[in-house]
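In what follows, a structure is listed as C-alpha cells, so that the remarks can point back to it.
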Number of protein chains: 2
Amino acid sequence: MRTIASIVLLFCIAQPANAETGHELWLRIHGVDPVKVICSGNSPTLSIAVRELEQGWGGEAGASVVLAVKPDKSIKGDGYRLTASGVQANTELGILYGVYEMLRRQQTGQPNRETVSNPSYERRVLNHWDNPDGSVERGYAGRSIFWRGGDDSLVVTEKDRALWLEYARANASIGINGSVLNNVNASPQILSKQYLARVKEIADILRPYGIKTYLSVKFSSPSLLGGLKTSDPLDPQTVQWWEAKVKEIYSLIPGFGGFLVKANSEGQPGPQDYGRTHADGANMMADALKPYGGIVMWRAFVYRSEDKDRARQAYSEFMPLDGKFRDNVIIQVKNGPVDFQPREPFSPLFGAMKKTSVMPELQITQEYLGQSMQLVFLAPMWEECLKSDTYQEGPGSTVARSTDGSLFQQKHTAIAGVANIGLDANWCGHHFAQANWYAFGRLAWNNGLSSEKIADEWIRLTFAPNEKEPAAESKSAGWVGSLLIPVKEMMLQSREAAVNYMMPLGLHHIFAGNHHYGPGPWFAPKGIRSDWTSPYYHQADKDGIGFDRTRRGSNAVIQYHEPLASQFNDPTTCPEIYLLWFHHLPWTYKTKSGRTLWDELCYRYDTGVQQVRRFQKIWDRVEPHVDAQRFGEVQSKLRRHYRDAQIWKDACLLYFQQFSRLPIPYDIERPVNDLEDLMRIDLKLSHHN
Amino acid sequence: MRTIASIVLLFCIAQPANAETGHELWLRIHGVDPVKVICSGNSPTLSIAVRELEQGWGGEAGASVVLAVKPDKSIKGDGYRLTASGVQANTELGILYGVYEMLRRQQTGQPNRETVSNPSYERRVLNHWDNPDGSVERGYAGRSIFWRGGDDSLVVTEKDRALWLEYARANASIGINGSVLNNVNASPQILSKQYLARVKEIADILRPYGIKTYLSVKFSSPSLLGGLKTSDPLDPQTVQWWEAKVKEIYSLIPGFGGFLVKANSEGQPGPQDYGRTHADGANMMADALKPYGGIVMWRAFVYRSEDKDRARQAYSEFMPLDGKFRDNVIIQVKNGPVDFQPREPFSPLFGAMKKTSVMPELQITQEYLGQSMQLVFLAPMWEECLKSDTYQEGPGSTVARSTDGSLFQQKHTAIAGVANIGLDANWCGHHFAQANWYAFGRLAWNNGLSSEKIADEWIRLTFAPNEKEPAAESKSAGWVGSLLIPVKEMMLQSREAAVNYMMPLGLHHIFAGNHHYGPGPWFAPKGIRSDWTSPYYHQADKDGIGFDRTRRGSNAVIQYHEPLASQFNDPTTCPEIYLLWFHHLPWTYKTKSGRTLWDELCYRYDTGVQQVRRFQKIWDRVEPHVDAQRFGEVQSKLRRHYRDAQIWKDACLLYFQQFSRLPIPYDIERPVNDLEDLMRIDLKLSHHN
C-alpha cells in the first residue's frame, strides 16, 4: 500500500516553455528571413516602416522591397498600393500601413497581389473612457495605460513610454489613427497645464505611428477650470477661453486631433444649460479648432427621463439641427438607438442627417456583452450594423455608406470605438477580447470587410504556431483543421450565442443593477427614473412582452425610412431578431418557427447555453495547439462564461414565467437555479473571484 | 405603451388550496367509507388499531372487520395473518401491524389476499443521534424532536406530546418498534434523574404503538455521572452502579429496550481504557439489563489512526471476541467496513461472527448521500447489502440471512437505522427523504422486499391524489403513467446517480472537510490523522488510483470468505463497482467497457450529472399532479442537486486529472468550474442559503 507521504498535490502543472501572456497581441510572429528595404525618404514614420519589414519579413529570403512616397490619384488619404516590388503611397503613413498589410499577408498566408487599399474613414479613433485617477469606466482589463492616481500620477516613466509605444504600434498595424485619451465623462482637469504636459508626452510617442491625440472635454470647463462665470457658448469670454486653450494645446501638441464632447447627457453639462442648442455648443468649439485643422466629435447619446421612449430621443433632438453644424463637427452616433445592447436595430440618425457629418460609435469594451468574462466576437454585430440598409438615399444606403462619404459630401469622415484596453498583461482582460480591438481597426479601415475574414486573420496572427519554437513543426501539423476552423466558427457564433442567452428576439436592457453584466429583468428600485429600470424595456405583463414602438405605441418606427417604417411596424414583416424591440406581443403569439412566443423565448435562451457549452468543447480540443498559459486562461473564462449563460437563462425564464404562467417546454434543460436566489445575489459580486 | 406602474413582480404565485407541507408523511390519505370493527380485547394498542380502521377505511363501505388475538404457530413474534374477515395475531401489536398493512393495501390498490406476514427482525430500531441540547449530529431536518436546549429544556409540552404521538404512529405504521432517543456520542447526563424523567414521558407515549425506548450510554457514566473513581467494567462498584441505574430506569420505564454503546471509537471511552475487552464491557451491561429483558447493542464501528487500513479494523478487533458475548448483546455493524459511504462492499463481519448476535446498522440520514439537499432513495443500497452473499455458510448466506436468525441461532435479532428526523414540517428536510425512513421500516419488517415495491408503495401513499380534494378526479386521471412510473424510475436510479457523480468505481470517502456534503478529494490538512484525509482513501498518484486491499496490499480481501476473497483480489474478477475499493490500478487500465480507467471515471462522473438533469425533467413534468408546495420545494432541491452534482464531477475530474494528466474525453460535457475555486469554496458554506 502506498503511504500518504508519497501523495503530493500537483497543483502547478509545470508551465511549458512556450507559455504566452498575450501581451504581443496579433504581432507575435516574427520573421526570420533577411530582406533588403529600399526607401527614398527618411522620417520617424518611414524608419518604423523599414524596421517592421526587417524584423518581420516572412516573404522570400533576401528579397528587395521598395517603399515609395509618390502621388497616385487612385490612392486616397493614407491609402497605399501594394506592388510586386513593394509599397507605394501618397503619404508616409500610407507606406507604414502598406508595410503592415504586406507583413500580415505573409503571416496569414495570403498572396501578395497588387492592390490599392484606401481607408473607409479619414479618422479611425479609439475612445478611452479613462479617468485621471487611473480608473477606466466600463473597463475590464485593469487600470488605465495613460493615467494613474497617487502623488506621482503625472510623472512619465520609461515603462509608460514603452507601453505607449507598444500601444501605438498595435494601433498603427491595424490602421487606427486617433486616440481620445480620456473619458467622455470628462474631468475639467484634463485641460490643466499639468495634464496637458502628460498629454504632450503621450502624443509625441503616438505621432510617428500616425496616431492623432484627442481629448474629451467637459463643456463647463471655462467655469470649472477657467473660473469664468459662465460657460455659455455664445458668451464672448467663453469663446475666448476656448480659443486660448486650443492655442495652448496646439503649441504643445502639433497635429492635435480635436475634442470629443458628451454634453447634456446623463448629467453632463452642455449648451442647453444656457438655453443654447447642441449646434451652438459644438460650433463654438469647432470654430476654435478650425484654424489648426482640429475637429469636434459631438455625441448624440442623449435621453431624458420624462420621455416615453428613450429609443426616439437622439433622433428627436438632433434631426432639427441637421445642417446647422460646422463642417469640422461630426455627430458621433452609437450604432443603436439605445445603448450598445447585444442587439439593436441601427440608429435612425444614420442616413437621416444628410447635411451633417455623422460618425458611428461602436463599443469595443464589452460593457453589455460579457465584459472580460465572456468570449464574444463583436465584428458580426458591427458588420450587421454597417451593412444595414437605411434606404435614406434609396436601396443600398447602408449605414457604412451613409457615414463614409459615399452617400453624402462630408468634409470629415470618422468612426469611433470605445477601447477595451488596460494594464492587464494581455491588454484586454480576455485573450479573445483582443480580437475586438483588432476587428474595430480593420473595419475602420475597410468597412466592407467580413467578420469571417477578420476572424481568420486574427486567429492566424494570434494562435498560429510560432515558427521560432522548436516544436512548431509538429504543432503546426493540422492546426488549420484543429484550431483555425473550429475557433473561427466559435467566434462567429459567439455574439449570436450571447444574444440568445441574454436577450433574444429583440429584448434589450434587462441587466442587473448598473454593472451591466448579469441578468436583472426585475431591476427597478423604488425612486429610480423609469428609463433606468428593466421593466421599462421589456414591458412584460400577464398579456405579453415587448416594447410597443409601432404607430400605435411610441411610434419610434416613424424615424426609419420606408420601407423600414412599415416593415418594423408589422409583426409579421418585422425581422424576428427585432420582434420585441418594436412589438408588445401575447405570450401565445405564433412565431416563425411555429412555436408560441413563450416557447420560442425558452428555446432561444436554452440554445444560447448550449452554444456556450459547445464553445467549451471546441476550446478544450485545441489544447495541443495553444501554449498552456493562454489555453488555461481562456478555458477558465469559458467555464465562467458557461455558468453565467446558465444564470442568464434561468433568471430570465423564471422571471418572465411569472407573467406568462406557462411551462418551460419539457424537452429543454431545466433551470438549475431558483429565481429568489438569483434576485438576491449580484452576479457582479463574484466578478473577479 | 404600457406604463411602468402596471408592472408588478408576481413573486408569490398564489398557493393552491391543496398545498401540502409533507407533515402527514405516508399517512395522508384518509378513508371516507364506514366500517364495522369487531375486536374481542380492549387495550391502548387495540384501541389504536380500531381507530385506524375507522378513520382510514378504504375497502368496501360498511364491511365488517374482525381483529382477533389468537395463537397461531405460523405467526411469529408480532407477525399477523390477514384473512378475508380481518386480522389475526399472537399479540396485540401483531393486530396493529396487520391493520396498517390492510389499510396500506387498500390505499395502494393491492388485493387483500390471505397472507401471513412475520417480521424479519425482532428489534427494528431507529437510532437518533440527538443531543440533549437539541442539536442532531448529522441531522439535516432541523432540531431534535425529543430534546431542546435552554432553561425549560426538560419541560414537556402538549406540543411535544402531540409530535411524539405522530412520530410513534408513523413508526408503528411501518413496523418500527424501537427508538434510541439520543446520540451514540452520548452525554452522561442522559442517565440523570431529570433526563430520565423526560425519557419516561416519551416512552409512555411510544409504548401503546409498540415502540420500545432505548438510550445510548457513555461508557464512563459511572465516573462522570456517578462520581466513581473508575468505570472499569470489572470493578464491583461500576457493576453496582449500572445495576442500580438499570433498576431505576425500569422502575420508570417498564419494557425499556436497553442500551446502545459506542465505546473505544473516535475518542469515546470504553473498556479498553481499563485494559478490558469489548466483551468485558458489553457483558457487564448485559448482565445488568438481563433481569428486565433488556439488551445491549454494542457498536463495532472502531478504527485506529495507526492502522494501515481502516477497512480491516472492525473485523480484526471483533472476530477474536466471537462467542465471548452474552446472548443479550448484539454487535451492531455498519453495512460497509468503512463508514456509510455511497457504496461499500458489505462488512466482512456479517456471517463471520457465527457465535455472536450481529445486527446491521444502516444510515437513514443522508450524511454521505446529499444530506437534505439531494434526492437519493437508499433502499437500493440497503437491498444491495442485505442481498450480498457472504458465503459464510455456503452460497446463499446473504447478509440478510446471517443477521435475521435464518443462518445462526441468535437469541435476539435486530436492525438499526440512524434516523433522519427533525423538527422540519416535513420531518426529514427533503420530501423524498421520507421515503428512506419508510424504506427502513419496511425492510426491517421484511428484509426480502424489493426497492421497487417499497418505492411503489411510498409514492402511492405520498403523492396519490387525495380523493377528498374536489379536483381529485381530474388530477388522478393518468397519474400512474405521469407520476408513479417516472418518479419511481427516478427514485430507483437516484442512488446509482449519486455514486456516479460522487465516487464511482469503488472510490470512497473523498468528501470535503468533515461535513461530508461536497467533494474534497484534496482534503488533507497538515497534522490531521491520515485516515481522516481523502488521499488515504483514493491513493491517486501519477501511476494510478485506488486503495490496494489485495493480498499484495493491505490484504483486506482475506477477511471475506471464498470465493469472494479471490474474486475481490483479482481486478479482472472483482465487480467493477468495487474496483478501486480493492485495487490501485494504472490510469490506462482497461475497464470492461473497453475504455481506460481514466476515461471510464470521466464517463461515470458525467453520467451522474446527466442523470440528475434527467431527474429535473421527470419532476418538472409531474407539476400538474402534485400540490404546489411540495412540487416547488422538490423542484428547488433538484436544482441545487444538479448544481452540486456538477460540482462533484468538476472537482473530482479536475483534481484527479492532475495525476492522470490525460484529457477528459472530448465528447462529454466539460467542467464548468475551476479546481482552484472549488478547493477554495466550501460547498457547505452555502448549505442552507
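Quantities reported herein were computed from a predicted structural model and do not represent experimental measurements.
For B/I618, no part lies under 4.5 angstrom from a heavy atom of chain A. The part of B/I668 that comes within reach of chain A is its backbone (N, CA, C, O), which places non-hydrogen atoms under 4.5 angstrom from that chain.
Not a single donor-acceptor pair under 3.5 Å links the side chain of B/E669 to the backbone N or O of A/R613.
For chain A, the option among B/Y642, B/W619, B/Y666 with the highest count of heavy-atom pairs below 4.5 Å is B/Y666. When A/Q616, A/H641, A/R614, A/R549 are compared by the number of non-hydrogen pairs under 4.5 Å with chain B, A/Q616 comes out ahead.
Here A/P571 pairs with A/L579, A/H583, A/L585, A/Y589 under the side chain to side chain contact (heavy atoms under 4.5 Å, CB included) rule; sequence neighbours left out. Remark: A/Q559 pairs with A/R312, A/Y315, A/S316, A/P348 by the side chain to side chain contact (heavy atoms under 4.5 Å, CB included) rule, at least two apart or across chains.
Inter-residue side-chain proximity for A/R670 and B/R639 is flagged as unmet; no heavy-atom pair is nearer than 4.5 Å.
B/D667 and A/R621 get closest at one heavy-atom pair: N-NH2, 4.4 Å. Of all the heavy atoms in B/N673 and A/R643, the pair that sits closest is OD1-CD, 3.4 Å.
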